[in-house]
Amino acid sequence: QVYLVESGGGLVQAGGSLGLSCAASGSIFRVGAMGWYRQAPGKQRELVAQSTNMGSTNYGDSVKGRVTISVDYVQKTVDLQLNGLNPEDTAVYYCHAILTPLDSEIAKNYWGQGTQVTVSS
């Protein structure tokens, strides 16, 4: 079994900052990538930021310049910092990992349960 446990989120004022953390645990052989996605009501899930163990990082267009992501591949954790928040950042934020479990040779996608972030104007 593999688990992604998220922490952080809640109600934040516009102009403020947000910090989210996620830890992967369980029967994990290798972590290929970790990051965050978000889904606002009535919208598709979109990338916030993701980092791979090859050293590349991708950012969502709506958060470029405002986001910092940090991944520790030994501890299997990912931290996200999002600054300059506005009401359009209100969404459920999901931790995502691409990792290979111990009982498989194939990397798979795993998702956290999601954490609500609400930005008040």
Could you walk me through whether Cys22 and Tyr93 satisfy the side chain to side chain contact (heavy atoms under 4.5 Å, CB included) test, starting with their C-alpha distance in whole Å, then the side-chain angles of each, then the deciding distance to 0.1 Å, before giving a yes or no? CA-CA 11 Å; Cys22 174; Tyr93 285 69; over 6 Å; no
Identify the heavy atoms of Ala14 and Ser121 that sit nearest to each other, and give their distance. CB-CA, 4.1 Å
Among residues at least two apart in sequence or on other chains, which ones pass side chain to side chain contact (heavy atoms under 4.5 Å, CB included) with Ala23? Thr77
Determine, using the 4.5 Å side-chain heavy-atom cutoff (strictly less than), whether Ile28 and Ile98 are members of one ILVMFWY cluster. no
Residues that Ser27 engages under side chain to side chain donor-acceptor pair (under 3.5 Å), provided they are two or more places apart: none
Pairs meeting criterion salt bridge (charged side-chain N to carboxylate O under 4.0 Å, His left out) with involvement of residues 25-38, two or more places apart: Arg38-Glu46, Arg38-Asp89
Show your reasoning for whether side chain to side chain contact (heavy atoms under 4.5 Å, CB included) applies to Ile69 and Val78. CA-CA 7 Å; Ile69 185 171; Val78 55; 3.7 Å; yes
Test side chain to side chain contact (heavy atoms under 4.5 Å, CB included) applied to Lys64 - qualifying residues, sequence neighbours left out: Tyr59, Asp61
Could you work out, with side chain to side chain contact (heavy atoms under 4.5 Å, CB included) as the rule, every residue matching Ser104, not counting sequence neighbours? Pro101, Ile106, Lys108
Sequence-distant partners of Tyr37, ring-ring contact (aromatic ring centres under 6.0 Å, His included), two or more places apart: His96, Trp111
Min side-chain heavy-atom separation Val2-Lys76 under 4.5 Å: no
Find the distance between CE (Met54) and OG1 (Thr52) and round it off to the nearest 0.5 Å. 7.0 Å
Under 4.5 Å between side-chain heavy atoms, hopping through other hydrophobics if needed: is there a path connecting Val63 to Val92? no
Rounded to the nearest 0.5 Å, what's the gap from CG on Asn53 to CE on Met34? Could you check? 11.5 Å
Tyr94 reachable from Val119 in the ILVMFWY side-chain graph, under 4.5 Å edges: no
Could I get the full list of side chain to side chain donor-acceptor pair (under 3.5 Å) partners for Thr118, not counting sequence neighbours? Gln116
Which residues share a side chain to side chain contact (heavy atoms under 4.5 Å, CB included) with Asn58, sequence neighbours left out: Leu47
How long is the straight-line distance from CD of Gln1 back to OH of Tyr110, given to the nearest 0.5 Å? 8.5 Å
Asn83: which residues meet the side chain to side chain donor-acceptor pair (under 3.5 Å) condition with it, sequence neighbours left out? Ser17, Gln81
Run the side-chain donor-acceptor check on residues 4-11: report pairs under 3.5 Å with partners two or more places apart or on a different chain.
{"from": "Glu6", "atom 1": "OE1", "to": "Gln113", "atom 2": "N", "distance (Å)": "3.4"}
{"from": "Glu6", "atom 1": "OE1", "to": "Gln113", "atom 2": "NE2", "distance (Å)": "3.4"}
{"from": "Glu6", "atom 1": "OE1", "to": "Gly114", "atom 2": "N", "distance (Å)": "2.7"}
{"from": "Glu6", "atom 1": "OE2", "to": "Cys95", "atom 2": "N", "distance (Å)": "2.7"}
{"from": "Glu6", "atom 1": "OE2", "to": "Gly114", "atom 2": "N", "distance (Å)": "3.3"}

Co-members of Val74 in a cluster of I, L, V, M, F, W and Y side chains, linked at under 4.5 Å: none
The reported gap from CG in Leu80 to CG in Leu18 (rounded to nearest 0.5 angstrom) is 6.5 Å
For Leu102, what are the other residues in its hydrophobic cluster, where any two members join if their side-chain heavy atoms are less than 4.5 angstrom apart? Phe29
